[in-house]
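Scroll down for the structure; my scribbles are underneath it.
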There are 2 protein chains.
Amino acid sequence: MTPQAKDLALLRTLPLFAPLSDETFAKLAGSIRFDRYVKGDTIVRQGDQAKWVMVVLEGFVKLTRLSANGEETLIHIFGRGETFAESVAVLGDKHTTTAEAASPTRIVRLPAHVVAQAAREVPELALSILHESSAKIWALMDEIEALKAQTADQRVLRFLLSLVPAHATSAEARLPYTKGVIAASLGLKQETLSRSFARLKSIGIDIDGRMVRIADADRIAAEIERLNRIV
Amino acid sequence: MTPQAKDLALLRTLPLFAPLSDETFAKLAGSIRFDRYVKGDTIVRQGDQAKWVMVVLEGFVKLTRLSANGEETLIHIFGRGETFAESVAVLGDKHTTTAEAASPTRIVRLPAHVVAQAAREVPELALSILHESSAKIWALMDEIEALKAQTADQRVLRFLLSLVPAHATSAEARLPYTKGVIAASLGLKQETLSRSFARLKSIGIDIDGRMVRIADADRIAAEIERLNRIV
DNA sequence: CGGCTAGTTGACTTCATTCAACGCTGGTGG
DNA sequence: CCACCAGCGTTGAATGAAGTCAACTAGCCG
């Protein structure tokens, strides 16, 4: 399999494309474009016309918003296999966020008009885009819930828990992006995250540079619980 | 026009239904159901199968999430003309939030299977549902941005600004729901909101019970700005 | 080697929450 | 008709969680 064929195979398995017939998929795949970005590159700019549906093949993309005062607020992070800009692109709207590579990143883009046209012809595609949007809504609701109802430590613990493979009880993992970005994604300052990590050493969480070692995942869940009760 | 005919006319103008042909709209309208709720009633429960697409005709509906510790977190509030549960219903998923009437409320519901079927047959409907979802994504991103990047006073000011009609420079309005709910929607405790209102008197904002009088909307915008610079 | 960028740590500040008491208002039942 | 209560909101005092500012370290690239 050539590298590109591999990428296409990955695409085919994504929720966005999986329900499509081979024929429809082939039509879409015909107009695909591959891109590479280095950390810090801007992929799409807030306010620009959306012309492409994007899929992350490798690396991480951070969505940010420019606030009135010029500061940027991190809204969400996308990783391998995740789609973004799909709804704006299909609807012909403008980007409401900026997307920037948070690490070396490869993405695939499909021209908006091709996808939009196909969505009109093939109801499955429209529904699977809707499905993606729906999933995004849930993810954003999760974030809001976390920001409103959880303390810094709880959010950090939840994040760490997400690094542990399902059913595993202990884990050794690499932080997916820099601590600064992790902090921003959790709605924290870098210093606060650093202090939080330091505190969490006592419950079997060891962070050394980019490596995390989690002794007991259940203990993390228990600690999130405990922090709830204290209040 | 009978009251119901009026409601149907309102429905017809909503973004969700406006792009539809008369024929499609009539098909949907045929299976509509009207409902009334009093404040505090549960409209849909988190975890239940989504069977209906809902549209608010009157009043306000608050979406909440049950957190692990049994507390409920307010995620979003819907008002007149807004649709909710449309994506979950069409996709046949379960509700991920609870919806509760935040005031006396009238809603319209359409059976999920009817809408889902129509969405498969009429691409415009699928796209307009997608459009709704997309709008919801933006709204949620706004909330996240506000929670991460703005202080309590800024969020309160932003909320007050949303009560001022476009282009108006001063306004007298009624708070759409109780202060407790406003506080929760802004990610604040009731006490904090109360104190914020008290502070804001000095810039021409007067709150007396449910009534708000805003002397100068530009001043509010300026104050939001000023609070940015201070930091 | 110097100069970045990323991350840590300490001291201090501040914004929002918590806890608790109290006020107002509208409804209900004696 | 009044008394009492519940729900909603306000206010004060004390606390605490996270942010700010600043100094410093470690690693990395040219």
Side-chain angles (χ1 to χ4, degrees), chain A residues 38-40 60 62 69 71 73-74 100-104 146-157 159 174-201 205-212 224 226-231, chain B residues 38-40 60 62 69 71 73-74 100-104 146-157 159 174-201 205-212 224 226-231:
Chain A
V38 301
K39 188 176 167 181
F60 294 93
K62 61 178 216 227
N69 56 345
E71 261 178 54
T73 311
L74 198 160
E100 183 190 316
S103 66
L147 289 170
K148 282 188 175 175
Q150 301 190 166
T151 65
D153 281 356
Q154 285 178 308
R155 302 202 293 267
V156 171
L157 286 165
F159 167 76
R174 204 180 133 76
L175 294 176
Y177 21 84
T178 66
K179 293 181 189 175
V181 173
I182 295 171
S185 78
L186 299 174
L188 300 174
K189 296 293 156 186
Q190 182 157 294
E191 295 94 316
T192 308
L193 178 67
S194 187
R195 285 185 234 278
S196 178
F197 278 158
R199 273 193 295 274
L200 299 178
K201 263 203 182 96
I205 292 166
D206 213 72
I207 283 137
D208 179 21
R210 273 285 178 96
M211 292 309 296
V212 204
I224 296 178
R226 198 183 66 80
L227 292 171
N228 268 332
R229 310 205 170 288
I230 278 180
V231 179
Chain B
V38 302
K39 188 176 165 179
F60 293 93
K62 61 178 217 226
N69 57 344
E71 261 180 55
T73 311
L74 199 159
E100 182 189 316
S103 67
L147 288 170
K148 282 189 174 174
Q150 303 191 163
T151 64
D153 281 356
Q154 286 178 307
R155 303 202 292 267
V156 172
L157 287 166
F159 167 76
R174 202 179 134 75
L175 293 176
Y177 20 85
T178 66
K179 292 180 189 176
V181 173
I182 294 172
S185 78
L186 299 174
L188 300 174
K189 296 294 155 187
Q190 181 157 296
E191 295 94 317
T192 309
L193 178 66
S194 185
R195 287 183 233 277
S196 178
F197 278 158
R199 274 193 295 274
L200 299 178
K201 262 201 183 97
I205 292 167
D206 213 72
I207 283 136
D208 179 22
R210 273 285 178 96
M211 292 309 297
V212 204
I224 296 178
R226 198 182 66 80
L227 292 172
N228 268 331
R229 311 206 168 288
I230 278 180
V231 178

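Predicted model, so just to flag it, every value in this text is computed and none were measured. Quick note on labels: first sequence line is chain A, next is B, and so on, each numbered from 1.
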Does Lys189(A) put a side-chain nitrogen or oxygen below 4.0 Å from OP1 or OP2 of dC21(D)?
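No, outside the criterion.
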Any side-chain donor near an acceptor of the partner, Glu71(B) and Asn228(A), under 3.5 Å:
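On atom types as modelled, these side chains do not qualify, holding no pair under 3.5 Å.
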Which whole-number value in Å describes the distance from [X] [atom1] to [N] [atom2]?
X: Gln150(A); N: dA16(C); atom1: CD; atom2: P; value: 20 Å
X: Met211(B); N: dC24(C); atom1: CE; atom2: P; value: 21 Å
X: Leu186(B); N: dT17(C); atom1: CG; atom2: C1'; value: 16 Å
X: Arg199(A); N: dG16(D); atom1: CZ; atom2: P; value: 14 Å
X: Lys179(B); N: dG7(D); atom1: NZ; atom2: P; value: 19 Å
X: Tyr177(B); N: dC8(D); atom1: OH; atom2: P; value: 16 Å
X: Phe197(B); N: dA16(C); atom1: CZ; atom2: C1'; value: 16 Å
X: Leu193(A); N: dA18(D); atom1: CG; atom2: P; value: 12 Å

Atom pair CG/CG of Leu186(A) and Leu193(A) - distance to nearest 0.5 Å
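Nearest 0.5 Å value for the CG-CG distance: 6.5 Å.
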Under the side chain to side chain contact (heavy atoms under 4.5 Å, CB included) rule, what do Val156(A) and Arg199(A) come out as? Steps first, then yes or no, please.
CA-CA 11 Å; Val156(A) 171; Arg199(A) 273 193 295 274; over 6 Å; no
Just need the stems in DNA chain D: three or more back-to-back Watson-Crick or G-U pairs, each with both distances under 3.5 angstrom, sorted by first number.
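So far as stems of 3 or more pairs are concerned, DNA chain D shows C:1-30 with D:1-30.
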For Ile207(A) against Lys179(A), the heavy-atom pair lying closest together
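Shortest heavy-atom separation between Ile207(A) and Lys179(A) comes out as CG2-NZ, 3.6 Å.
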Tell me the closest heavy-atom pair linking Ala101(B) and Val38(B), and the distance in Å.
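Looks like CB-O, 3.6 Å.
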Go through the structure and list residues passing side-chain hydrogen bond (donor to acceptor under 3.5 Å, both in side chains) with [X], not counting sequence neighbours.
X: Gln190(B); answer: none
X: Ser196(A); answer: Asp153(A)
X: Ser103(A); answer: none

Residues that Ala102(A) engages under side chain to side chain contact (heavy atoms under 4.5 Å, CB included), provided they are two or more places apart:
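Ala102(A) satisfies side chain to side chain contact (heavy atoms under 4.5 Å, CB included) with Phe60(A), Lys62(A) only.
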Show each protein N/O and nucleotides 11-15 of chain D N/O combination with a separation under 3.5 Å, one pair to a line.
from    : atom 1 : to        : atom 2 : distance (Å)
dG12(D) : N7     : Arg195(B) : NH1    : 3.0
dG12(D) : O6     : Arg195(B) : NH2    : 3.0
dA13(D) : N6     : Arg195(B) : NH2    : 3.3

Of the listed nucleotides [options], the one nearest the side chain of [X]:
X: Thr151(A); options: dA18(D), dT17(C), dG7(C); answer: dA18(D)
X: Lys39(A); options: dA18(D), dA6(C), dG7(C); answer: dA6(C)
X: Leu188(A); options: dG19(D), dT17(C), dG7(C); answer: dG19(D)

NA contact type, Gly40(A), heavy-atom cut-off 4.0 Å: base, sugar-phosphate, or nothing?
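Nothing: the residue Gly40(A), judged by heavy atoms under 4.0 Å, touches no strand.
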